[in-house]
Undergrad: 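Here it is, the structure, as structure tokens.
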Amino acid sequence: VALVIGANDTVNSAAIEDPDSIIAGMPVIQVWKAKQSIFMKRSMASGYAGAENPVFYKPNTDMLLGDAKKSCDAIRAKLTANSY
């Protein structure tokens, strides 16, 4: 599982998959290769470079939109409550 918090351009597959992309050739973390990627972002907006991120639409990606700190706190609370 890849949990991505607030990142966009640094995890954008267009850097590798689209030679015409504005970020083509940029080094990126290949989160789309994970079995499951979960993005925590405030919105579906593009990043600093203005490039759309195709990872958002891949079948192994889920979007958890909203306040990432609140989301992380809620996940932590559930994991803590269910730990043995």
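None of the values given here were measured: they were computed from a predicted structure.
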Undergrad: Tell me every residue that passes side chain to side chain contact (heavy atoms under 4.5 Å, CB included) with Ser71, counting only those two or more places apart in sequence or in another chain.
TA: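 Side chain to side chain contact (heavy atoms under 4.5 Å, CB included) list for Ser71, sorted by chain: Met40, Leu64.
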Undergrad: Check side chain to side chain contact (heavy atoms under 4.5 Å, CB included) between Lys70 and all other residues, then give those that pass, not counting sequence neighbours.
TA: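 Lys70 satisfies side chain to side chain contact (heavy atoms under 4.5 Å, CB included) with Asp67 only.
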Undergrad: I need the Leu3 CG to Ser37 OG distance, nearest 0.5 Å.
TA: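 Separation between the atoms: 9.5 Å.
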Undergrad: Ser43 vs Leu65, test: side chain to side chain contact (heavy atoms under 4.5 Å, CB included). Steps then yes/no.
TA: CA-CA 6 Å; Ser43 71; Leu65 301 178; 5.6 Å; no
Undergrad: Among pairs that include at least one residue of residues 34-45, which meet salt bridge (charged side-chain N to carboxylate O under 4.0 Å, His left out), considering only residues two or more places apart or in two chains?
TA: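 Every candidate salt bridge (charged side-chain N to carboxylate O under 4.0 Å, His left out) pair involving residues 34-45 fails, so no pair, neighbours aside, qualifies.
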Undergrad: Sequence neighbours excluded, which residues qualify as side chain to side chain contact (heavy atoms under 4.5 Å, CB included) partners of Ala74?
TA: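 So Ala74 forms no side chain to side chain contact (heavy atoms under 4.5 Å, CB included) with any residue.
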Undergrad: Using the rule that Ile, Leu, Val, Met, Phe, Trp and Tyr join whenever any side-chain heavy atoms are under 4.5 Å apart, tell me whether Met44 and Val11 fall into a single cluster.
TA: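 Yes.
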Undergrad: Taking salt bridge (Lys or Arg N to Asp or Glu O under 4.0 Å) as the definition, give me every residue that meets it alongside Asp18, ordered by chain and number, with sequence neighbours left out.
TA: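 By the salt bridge (Lys or Arg N to Asp or Glu O under 4.0 Å) rule, Asp18 matches no residue at all.
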Undergrad: Apply side chain to side chain contact (heavy atoms under 4.5 Å, CB included) to residues Ile38 and Val1 and explain how you reach the verdict.
TA: CA-CA 8 Å; Ile38 302 168; Val1 174; 4.2 Å; yes
Undergrad: When rounded to the nearest 0.5 angstrom, what is the spacing between OG1 in Thr80 and CZ in Arg76?
TA: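 That separation rounds to 5.0 Å.
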Undergrad: What residue pairs, at least two apart or across chains, pass salt bridge (charged side-chain N to carboxylate O under 4.0 Å, His left out) with a residue in residues 49-60?
TA: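 Salt bridge (charged side-chain N to carboxylate O under 4.0 Å, His left out) check on residues 49-60 returns Glu17-Lys58.
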Undergrad: Keeping to residues at least two apart or across chains, list the ring-ring contact (aromatic ring centres under 6.0 Å, His included) pairs with something in residues 48-77.
TA: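 ring-ring contact (aromatic ring centres under 6.0 Å, His included) check on residues 48-77 returns Phe39-Phe56.
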Undergrad: Check whether any side-chain N or O of Gln36 sits under 3.5 Å from a backbone N or O of Asn60 as a donor-acceptor pair, and report yes or no.
TA: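 Indeed, once roles are kept as given, a pair shorter than 3.5 Å links the two residues.
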Undergrad: Tell me, please, which residues at least two apart from Asn8 pass side-chain hydrogen bond (donor to acceptor under 3.5 Å, both in side chains).
TA: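 Scan of Asn8 (side-chain hydrogen bond (donor to acceptor under 3.5 Å, both in side chains), adjacent residues dropped) gives Asn53.
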Undergrad: Counting only pairs under 3.5 Å, give me each side-chain donor-acceptor contact of residues 20-32, with atom names and distances, residues two or more places apart or in other chains.
TA:
from	atom 1	to	atom 2	distance (Å)
Ser21	OG	Ile23	N	3.2
Gln30	OE1	Lys33	NZ	2.6

